[in-house]
Protein chains: 2
Amino acid sequence: MEFEKENSAGYLVNHMARLFAKELQQRIAPHGIVVGQFPILLELWQKDGVSQKSLLDKIDVEQATLANTLNRMERDGLIRRTRNPTDARAQQIWLTNKATALREYAYASAQRVNAEALSVLDASEQAHFMEYMSRIISGMRAS
Amino acid sequence: MEFEKENSAGYLVNHMARLFAKELQQRIAPHGIVVGQFPILLELWQKDGVSQKSLLDKIDVEQATLANTLNRMERDGLIRRTRNPTDARAQQIWLTNKATALREYAYASAQRVNAEALSVLDASEQAHFMEYMSRIISGMRAS
DNA sequence: TAATATTGCACAGCATGCTATGCAAGTGGT
DNA sequence: ACCACTTGCATAGCATGCTGTGCAATATTA
């Protein structure tokens with residue numbers, strides 16, 4: 001029995017994800033941020049001064065992955081970390097001016113990548129595609 | 001203006017890809033193979049003794065990534081590499097018995113992951129989803 | 001209050017992917 | 001035959017993700 005990778009959902013999903021990441025990377029890397037930092041920045045642009053734990057609840061990566069990415073962001077001057085005065089275990093994560101300034105540009109870049117990638121689908125197909133992904137993710141997270 | 005990651009195709013694609021990889025990893029890792037080796041094994045199960053270049057044409061990763069993964073596969077006793085007698089630059093890549101024996105199990109694992117992940121969609125939706133992904137990948141590769 | 005459990009975070013080690021670079025082996029043109 | 005180009009592969013260095021583990025600070029329970 002054969003196994004055609006072109007008919008394997010997992011294979012296509014993986015390939016598609018790498019293409020998305022590569023595309024976004026090319027647009028934002030020249031501005032000093034990289035794709036893994038994106039979800040974190042999205043949260044911090046909405047509200048910073050939060051704990052690592054609070055970020056973790058909103059971002060679907062493991063705690064160790066988040067800690068590593070935050071290290072690189074601190075190294076690159078995107079965030080600062082302070083101790084929470086009422087809980088010495090916890091930290092508060094703050095955006096630097098540099099990171100704050102990148103917000104609109106980053107939003108626009110992501111939206112352009114999304115729009116271009118989905119441009120091969122019409123509006124109704126795009127909506128279905130997004131809905132299918134949401135359902136698949138919910139189903140897989142539950143299991 | 002806000003940017004909702006739940007409405008970002010790139011974010012969902014990335015998340016979905018990690019869930020797929022994690023799921024497949026859990027099933028195949030106990031048998032001594034890992035997800036990155038999967039596409040390579042798929043090709044070699046069809047035909048081995050081929051060159052790295054010939055694998056590269058069929059698998060959508062960079063040449064350096066392939067070379068690294070092949071190194072790990074050789075280390076783990078999944079493949080052997082011999083020199084091509086008529087071209088000293090090229091190599092021939094052969095599966096070991098260990099790798100050959102894993103074939104049906106690996107096929108079944110991948111198919112089960114795919115089926116379970118897509119089980120939240122009905123047959124028609126699944127077909128559309130796969131088609132959308134193919135079109136998106138084609139479009140992004142072209143650009 | 002003392003012992004125990006939980007929480008918040010860090011670090012080590014690894015796989016997978018990328019870009020950039022180098023190099024030896026073949027190919028082609030002169 | 002020689003020089004330049006191309007081809008096939010390897011390596012370095014990095015980012016992103018994972019699991020496993022450890023630890024100090026808080027919370028809970030006996």
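Lettering of chains follows the sequences in order, A, B, ..., and the numbering in each one begins at 1.
The end-to-end axis angle of the helix from C/dT1-D/dA30 to C/dT30-D/dA1, rounded to 10 degrees and based on five pairs per end, is 10°.
Both A/G36 and A/A88 sit near DNA chain D, but only A/G36 has its closest nucleotide nearer the 5' end. Annotation: of the two residues near DNA chain C, A/A90 and A/R18, the 5′-most nearest-nucleotide partner is A/A90.
Of all nucleotides listed (D/dA15, C/dC18, C/dT16), D/dA15 comes nearest to the side chain of A/V34. The side chain of B/R89 approaches D/dT6 more closely than any other nucleotide in the set D/dT6, D/dT11, D/dA25. Taking the side chain of B/V61 as heavy atoms from C-beta on, and the options C/dC18, D/dA15, C/dA25, the nearest nucleotide is C/dC18. Checking D/dT11, D/dG8, D/dT19 against every side-chain atom of A/A64, the shortest atom distance belongs to D/dT19. Of all nucleotides listed (C/dA15, D/dA25, D/dT16), D/dA25 comes nearest to the side chain of A/D87. Closest to the side chain of A/Q52, from the set C/dG17, C/dC9, D/dG8, is C/dC9. Of the candidates C/dC11, D/dA10, D/dG17, D/dA10 carries the atom nearest the B/R81 side chain, counting heavy atoms from C-beta on. Relative to the side chain of A/Q91, the nucleotides C/dC9, C/dG26, D/dG17 differ in distance, and C/dC9 lies closest.
Interface remark: the A/Q63 side chain does form a donor-acceptor pair with the C/dA10 base, using a distance-only criterion of under 3.5 Å.
In summary, A/E74 and A/R80 do not engage in a salt bridge, as defined by a charged side-chain N under 4.0 Å from a carboxylate O. Taking the charged nitrogens against the carboxylate oxygens, A/E43 and A/K47 have no contact shorter than 4.0 Å, which rules out a salt bridge. The pair B/K22-A/E62 counts as a salt bridge, with a side-chain nitrogen and a carboxylate oxygen less than 4.0 angstrom apart. Classification of B/R112 and B/E23 as a salt-bridged pair fails, no side-chain N sitting under 4.0 Å from a carboxylate O.
Taking atom CG of residue B/L24 and atom P of nucleotide D/dC18, one finds them 15 Å apart after rounding to whole Å. A/L66 places its CG atom 16 Å from the P atom of D/dA15, with the value rounded to the nearest Å. The interatomic distance linking A/E62 (CD) with C/dA15 (P) rounds to 18 Å, in whole Å. A/R27 places its CZ atom 18 Å from the P atom of C/dC18, with the value rounded to the nearest Å. Between the P atom of D/dA15 and the NZ atom of A/K22 lies a distance of 18 Å, rounded to the nearest Å. D/dC18 atom P lies 16 Å from atom CZ of B/F20, rounded to whole Å. Between the P atom of C/dA24 and the CZ atom of B/R83 lies a distance of 13 Å, rounded to the nearest Å. Between the CG atom of A/N68 and the P atom of C/dC14 there is a distance of 15 Å, given to the nearest Å.
Residue B/N84 places no side-chain N or O under 4.0 Å from the OP1 or OP2 atom of D/dG8. Residue A/R72 places no side-chain N or O under 4.0 Å from the OP1 or OP2 atom of D/dG17. Side-chain N/O atoms of B/T65 include one lying less than 4.0 angstrom from OP1 or OP2 on C/dC18.
Among the protein residues, A/R75 comes within range of the sugar-phosphate backbone only, with heavy atoms under 4.0 Å from sugar or phosphate atoms but none that close to a base. In this structure, B/N14 reaches the sugar-phosphate backbone alone: every heavy-atom distance under 4.0 Å involves primed, P, OP1 or OP2 atoms, never a base.
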>> Go through it in stages, so that I can follow the logic: the residues are A/N68 and A/R72, the test is side-chain hydrogen bond (donor to acceptor under 3.5 Å, both in side chains), and I'd like the CA-CA distance, side-chain angles, deciding distance and then a yes or no.
In response: CA-CA 7 Å; A/N68 277 332; A/R72 286 189 294 271; 5.5 Å; no

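In this structure the side chain of B/H128 never reaches within 4.5 angstrom of the side chain of A/F129, judged on heavy atoms.
Listed for the A/K98 side chain is a donor-acceptor partner under 3.5 Å among the backbone atoms of A/D76.
Hydrophobic clustering, with ILVMFWY side chains joined whenever heavy atoms are under 4.5 angstrom apart, groups B/L70 together with B/W45. Tracing side-chain contacts under 4.5 Å through hydrophobic residues (I, L, V, M, F, W, Y), one never reaches A/W94 starting from A/I40; they form parts of separate clusters.
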